[in-house]
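Below is one structure; the comments refer to it alone.
Per chain, numbering begins at 1; letters A, B, ... match sequence-line order. Side-chain atoms are counted along with the backbone in the values below, which use heavy atoms only and exclude waters and symmetry mates.
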Protein chains: 2
Amino acid sequence: MSTKAEERRKQVLRATLNAICDKGFTTVTLQDIADYADVSKGVISYYFKNKEDVFYHLLAAMTDRIFQNEYAAIQKEEYAVDKLRAYVNAAFKSPDDNRVFYRVYLEFLAQVNQNERFREVNNTFYKNCWFIGSEIIQKGQSEGIFENVEIESGSHMIRALIDGCLLQWLMRDNKSLHTYYRDNCYETILTYLNYKQA
Amino acid sequence: MSTKAEERRKQVLRATLNAICDKGFTTVTLQDIADYADVSKGVISYYFKNKEDVFYHLLAAMTDRIFQNEYAAIQKEEYAVDKLRAYVNAAFKSPDDNRVFYRVYLEFLAQVNQNERFREVNNTFYKNCWFIGSEIIQKGQSEGIFENVEIESGSHMIRALIDGCLLQWLMRDNKSLHTYYRDNCYETILTYLNYKQA
DNA sequence: AACGAAAATCTGACCGGACAGAATGTTTTT
DNA sequence: AAAAACATTCTGTCCGGTCAGATTTTCGTT
């Protein structure tokens with residue numbers, strides 16, 4: 001049954017995520033993944049072409065999930081400022097989630113130079129992020145705010161700051177700084193977008 | 001001779017930098033490093049405790065060199081705005097340098113979670129970067145600009161944006177975007193710092 | 001329902017290659 | 001000749017991927 005197989009694949013990917021988070025991208029072995037998934041090593045080969053293939057699908061699933069989440073968040077809000085807040089909040093979902101996701105995502109980014117498929121997935125992710133940023137800026141401009149910002153470069157800067165903040169937060173390895181970076185990130189973007197409180 | 005030994009160590013570190021840039025942190029072998037340095041594998045063991053030790057010294061040397069460079073740059077300028085420009089320019093030194101440095105630095109960041117010594121070196125680097133940011137903001141405030149910015153969080157945001165921009169630029173793997181990100185990074189920080197042209 | 005063969009799924013021992021670090025050998029310097 | 005610097009070989013370990021066989025599931029037939 002296709003559903004059962006899909007479930008198994010997800011199980012392996014979940015295990016891979018946690019295994020990488022704990023042991024590191026480079027250190028993690030097929031045996032580790034198998035142990036985390038409570039299956040034998042053969043199962044991984046059965047559902048995936050090889051180790052790289054597991055990683056590829058994990059990266060694709062992770063980035064897609066993040067985008068869906070962020071996009072859904074901004075769509076729930078009506079005004080540009082609220083959309084921005086929702087975007088940043090979605091990016092800074094929770095300390096634990098962010099820690100796992102970003103640790104692993106960072107390892108993937110480091111591999112992008114060595115792996116064309118990883119690069120493609122990340123490029124798609126970037127485009128999606130920029131799309132969100134563009135939507136927010138455009139909405140703002142139709143509201144008469146964010147007027148001095150160029151949409152494309154603005155969306156690039158927004159994502160750069162979000163990633164930069166999350167990266168810095170991750171490196172400092174201090175959960176309590178999560179809201180600090182989240183809020184400062186939001187405020188910084190807002191100031192940058194030249195928003196003047198009415 | 002201590003100088004000769006120091007030269008050899010630097011030679012190995014330079015080779016390691018290039019080897020990692022080409023082959024990737026995880027893929028690179030002691031033999032690769034030896035080949036890049038035009039020495040035999042034994043030399044590396046002779047001058048360093050082990051592979052991890054080579055990496056550690058490379059990271060320390062890289063981050064220190066970057067900081068010295070950036071700090072020297074801002075000291076040459078008198079006004080806060082010029083210091084900021086110099087800081088960003090120093091961070092975006094040249095496409096080729098940035099590519100090599102940032103590729104390798106990114107790999108180190110990914111390892112920080114697995115390696116306490118790497119983390120410590122990076123924390124020192126961060127503190128140095130924040131120090132530069134603080135200097136610039138403080139100077140600005142004594143000039144009567146940048147008045148609405150909190151110094152500490154401001155320095156955090158400045159570095160987050162620089163790193164975020166360099167990361168995004170690196171992932172897009174397009175040399176011609178180097179000045180685009182450099183200039184937008186500068187403009188964005190300036191807007192954020194609430195600078196109003198006289 | 002019961003059966004059983006075929007298909008799907010799963011297991012873990014095994015193989016071959018790669019590599020870090022050690023050990024040993026060689027050359028150069030002092 | 002002794003020590004330092006450098007080169008080469010060796011060894012033990014580890015890991016990804018394979019594969020032959022075990023186990024479970026599926027499904028047509030009676």
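Residue contacts shown for A:T29 are limited to sugar-phosphate atoms, with no base heavy atom under 4.0 Å away. Residue B:Y47 is in sugar-phosphate contact alone, with no base atom involved, counting any heavy-atom pair closer than 4.0 Å across all strands shown. Residue-level contact check: A:V43 touches the bases, meaning some heavy atom is under 4.0 Å from a base atom. A:V54 comes within contact range of no nucleotide atom at all, as no heavy-atom separation falls under 4.0 Å. Residue contacts for A:K41: at a heavy-atom cut-off of 4.0 Å it reaches a base atom on one of the strands shown.
Put simply, A:Y46 has no side-chain N or O that comes within less than 4.0 Å of OP1 or OP2 on C:dC10.
Taking atom CG on A:D32 and atom P on D:dC15, their separation rounds to 7 Å, with Å as the unit. The CG-P distance, from A:N50 to D:dC19, rounds to 15 Å in whole Å. Put simply, CD on A:Q11 is 12 Å from C1' on C:dC10, counting in whole angstrom units. The distance between atom CD of A:Q31 and atom P of C:dG12, rounded to the nearest whole Å, is 9 Å. As a whole-Å value, the separation of B:D35 CG from C:dC19 C1' is 14 Å. The CG atom of A:D38 sits 12 Å away from the P atom of C:dG12 (whole-angstrom rounding). Atom CZ of B:R8 is separated from atom C1' of D:dC6 by 8 Å (rounded to the nearest Å). In this structure, B:I44 places its CD1 atom 16 Å from P of D:dA5, rounding to the nearest Å.
For the pair B:K83 (side chain) and B:I136 (backbone), a donor-acceptor distance under 3.5 Å is absent.
Map A:S45 and A:T27 each onto its nearest nucleotide of DNA chain D; the residue landing nearer the 5' end is A:T27.
Taking the charged nitrogens against the carboxylate oxygens, B:D53 and B:R117 do have a contact shorter than 4.0 Å, which makes a salt bridge.
In this model, no donor atom of one side chain and acceptor atom of the other lie less than 3.5 Å apart for B:Y102 and B:D97.
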Verdict with supporting geometry, B:F131 and B:F67, ring-ring contact (aromatic ring centres under 6.0 Å, His included): CA-CA 10 Å; B:F131 173 69; B:F67 167 65; 7.1 Å; no
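Considering only the side chain of A:K51, D:dG17 comes nearest among C:dG21, D:dG17, D:dT18. Checking D:dC6, C:dC10, C:dG21 against the side-chain heavy atoms of B:L30 singles out C:dG21 as nearest.
Ring pair B:Y105/B:F108: centre-to-centre distance not below 6.0 Å.
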